[in-house]
Structures are given as structure tokens and as C-alpha cells.
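These numbers come from a predicted model, not from an experiment. Just so it is clear: chains get the letters A, B, ... in the order the sequence lines come, proteins before strands, and each one is counted from 1.
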There are 2 protein chains.
Amino acid sequence: MKFSTRTEYGLRALSQLDKTGKKAVSLASVAKEEKISLAYLERMFASLKKAKIVKADLGKKGGYYLAKPAGQIKLFDVIIVLEGDVKPYKCADGAVCKPGGCSVHRIWVEIYKSLEKVLKNKTLNSL
Amino acid sequence: MKFSTRTEYGLRALSQLDKTGKKAVSLASVAKEEKISLAYLERMFASLKKAKIVKADLGKKGGYYLAKPAGQIKLFDVIIVLEGDVKPYKCADGAVCKPGGCSVHRIWVEIYKSLEKVLKNKTLNSL
DNA sequence: CATAATGCCGACTTAATTAGTAGGTTAAAG
DNA sequence: CTTTAACCTACTAATTAAGTCGGCATTATG
């Protein structure tokens with residue numbers, strides 16, 4: 001139960017976009033500021049763009065910017081993109097896990113709900 | 001952010017100990033019931049024993065049993081053992097992360113606290 | 001005592017995931 | 001027509017999780 005560095009990088013990078021006030025921020029500058037590999041950032045931002053969290057301008061003077069004001073971007077949505085699908089707990093077989101989900105499964109859902117609650121109440125502004 | 005199968009196995013195995021009513025339950029029987037590899041269970045239970053969550057009787061008719069009533073064993077403590085150290089988020093360098101922890105770090109702590117709260121309020125009885 | 005069932009221990013292998021790299025193409029600005 | 005940016009795909013390396021193996025120690029029981 002830990003966050004990947006991908007998530008750490010992503011949140012730090014996104015807060016850079018907001019910080020500068022510029023329209024578009026190049027990943028090269030983010031990479032320099034946050035000391036993250038440019039190539040790695042590029043791939044992360046491809047996902048973030050696909051998920052409509054950021055938009056991009058091509059060409060010189062181009063770069064990335066938030067698709068919405070920071071206050072409207074939920075950490076939950078960002079983290080789902082960066083951490084990948086939150087895989088539901090799967091019990092090994094029908095004998096162990098009842099149709100409605102086994103006891104362990106139920107606890108897992110409960111924990112997930114509380115996590116979701118926190119993350120849906122925080123936006124990039126909370127950073 | 002997901003639980004390892006180790007945690008899944010562990011919780012399922014522990015609930016077996018409680019279920020039967022017997023004093024000591026052999027891992028061989030748990031392995032059979034829950035369809036988990038015996039060798040893997042053995043290693044998990046070594047950790048659980050070290051953490052004083054279970055106790056064991058040696059020899060024939062031996063086996064494992066809960067060190068305390070199920071209602072007194074917090075899921076939090078079990079999960080810490082099975083998932084390993086909950087590593088605190090580490091920012092890359094001082095320039096980015098302020099002495100008191102950077103903004104991303106602060107969110108992480110908050111999430112962790114809410115998780116902790118849920119897990120400390122649940123015991124093996126909740127399964 | 002001999003045997004079988006059990007926990008105990010450490011080294012090893014394999015599989016999966018995460019992290020990071022390389023090398024190029026396309027678009028816009030000046 | 002050069003420079004700086006996003007964009008794209010494939011590859012490698014590192015780390016962690018999952019699972020296996022072989023043998024030893026302890027104890028109940030016939």
C-alpha cells in the first residue's frame with residue numbers, strides 16, 4: 001500500500017504547471033526544476049493528456065497546461081491515471097469467495113471507499 | 001495502491017484459525033482449505049509469529065493459534081506485518097521538499113492517516 | 001524407539017511490475 | 001530552415017512480489 005514514484009512525479013509536475021502562471025510550460029523546464037527524467041515525464045504526460053487532465057500546445061513556445069483550473073482537478077482522477085487501474089480484490093475461487101464477495105473483500109471495499117473520499121475532496125489546489 | 005496477495009492470503013488464513021474452534025490449526029489444513037501453497041504460508045506465519053499475532057505449538061498435533069482473541073487483533077497490525085514497512089514518501093531532494101515535508105508529502109500523510117483510522121477500528125472479528 | 005506430523009529456517013527461482021532509456025517523427029515560431 | 005517543443009514506440013534495467021525446495025527440530029503416539 002504505497003504510492004509509486006510515478007504518482008509523486010506526476011503531482012509535483014502538475015503543480016509546476018500551475019505555479020508559473022504561464023500559459024504553456026515545457027516538460028524540459030519541469031524536468032529541470034523537479035529533477036525528473038524528461039523521457040519519463042513525456043510518457044506520463046501522454047497519459048495525463050489522454051485523460052483530459054492537461055492539454056498541450058505543439059511547437060516552439062509550446063508546452064503543457066492544466067485542462068481546468070487547479071481547484072477543479074481532483075487528486076483522485078490524477079492518481080487513477082498515474083497508478084493505473086485500481087484493481088478490485090479478487091478471491092481465488094468460488095469455494096472461498098461467496099457470490100456477494102468474501103469477508104476479506106468487503107473490508108477491502110470499505111478501505112477503498114475511505115481513500116476515495118479523501119482523494120475526491122482534494123484538488124491540485126491542496127498541494 | 002493495492003493490497004498484495006500476501007495480505008489476502010494472510011487474512012484468509014488467520015480467519016481459518018478462529019473459525020475451527022480447535023486449539024491449534026496446522027498450516028497443512030489451512031493450505032488445503034484456502035488453496036494456498038504450504039511453503040508460502042509457512043513463511044508468512046513466521047512473520048506473524050514474530051509480530052506476536054499468532055503463537056505455535058510444535059510437533060504432532062501442533063499448529064498455530066491466535067495470540068489474542070480475534071476481537072483484540074487489529075487489522076492494522078496484521079497488514080503492517082504482511083505488507084511490510086509502510087514506507088514514508090520521500091521527496092527527491094531538499095530543494096523540492098521543504099524541511100517540514102513538501103506539499104505532496106503532506107497529502108500522502110493525510111491519506112495514510114485515514115487508512116490507519118479504518119484499519120485500527122477493525123479487528124479479525126470484522127472478517 | 002520409530003515414525004509421522006508438525007513448525008522452523010535459509011537459499012533459491014520465477015514472474016510481474018515499475019522505473020528508466022533511446023531514437024526517432026511531427027508541429028509551430030521566428 | 002533551424003530551433004524547440006510535443007508525440008510515439010520499442011527496448012532495457014531494477015526492484016519487488018510470489019512461489020519453491022531441501023533439510024532440520026520438536027513432539028505425540030503406537
Asks: Rounding to an integer number of Å, can you tell me how far A/R6 CZ sits from C/dG20 C1'?
Replies: 12 Å
Asks: Shorter than 3.5 Å, N or O on both sides, protein versus nucleotides 4-10 of chain D: list them out with atom names.
Replies:
unit_1: D/dT4; atom_1: O2; unit_2: A/K60; atom_2: N; d: 3.2
unit_1: D/dA6; atom_1: OP1; unit_2: A/L27; atom_2: N; d: 2.8
unit_1: D/dC7; atom_1: OP1; unit_2: A/K49; atom_2: NZ; d: 2.4
unit_1: D/dC7; atom_1: OP2; unit_2: A/Y64; atom_2: OH; d: 2.5
unit_1: D/dC7; atom_1: N4; unit_2: A/E42; atom_2: OE1; d: 3.2
unit_1: D/dC7; atom_1: N4; unit_2: A/E42; atom_2: OE2; d: 3.1

Asks: May I ask you to evaluate whether A/S4 reaches the phosphate of C/dT18, defined as a side-chain N or O under 4.0 Å from OP1 or OP2?
Replies: no
Asks: Provide, to the nearest angstrom, the distance between the CE atom belonging to B/M44 and the P atom belonging to C/dC8.
Replies: 14 Å
Asks: When you compare the side chain of A/F45 with that of A/L14, does any pair of heavy atoms fall below 4.5 Å?
Replies: yes
Asks: For A/F76, check ring-ring contact (aromatic ring centres under 6.0 Å, His included) against everything at least two apart and list the hits.
Replies: none
Asks: Keeping to residues at least two apart or across chains, list the side chain to side chain donor-acceptor pair (under 3.5 Å) pairs with something in residues 57-74 of chain B.
Replies: B/D57-B/Y65
Asks: Is the shortest side-chain heavy-atom distance between B/K122 and A/I111 below 4.5 Å?
Replies: no
Asks: Contact between A/N125 and A/D18 at the side-chain level, heavy atoms closer than 4.5 Å - yes or no?
Replies: yes
Asks: Whole angstrom is fine here: how far is it from CG in B/L82 over to C1' in D/dT16?
Replies: 16 Å
Asks: What integer distance in Å separates A/Y40:OH from C/dG23:P?
Replies: 20 Å
Asks: Give the rounded distance in Å between these two atoms: NZ of B/K55 and C1' of C/dT6.
Replies: 19 Å
Asks: Look at the side-chain N and O atoms of A/Y9 and state whether any lies under 4.0 Å from the OP1 or OP2 oxygen of C/dG20.
Replies: yes
Asks: Rounded to whole angstrom units, what separation is found between the CD atom of A/E83 and the P atom of C/dA16?
Replies: 20 Å
Asks: Quick check against the 3.5 Å criterion: does B/E8 have a side-chain atom that pairs as donor or acceptor with the backbone of B/F3?
Replies: no
Asks: Indicate whether OP1 or OP2 belonging to D/dT20 is found under 4.0 Å from a side-chain N or O atom of B/S37.
Replies: yes
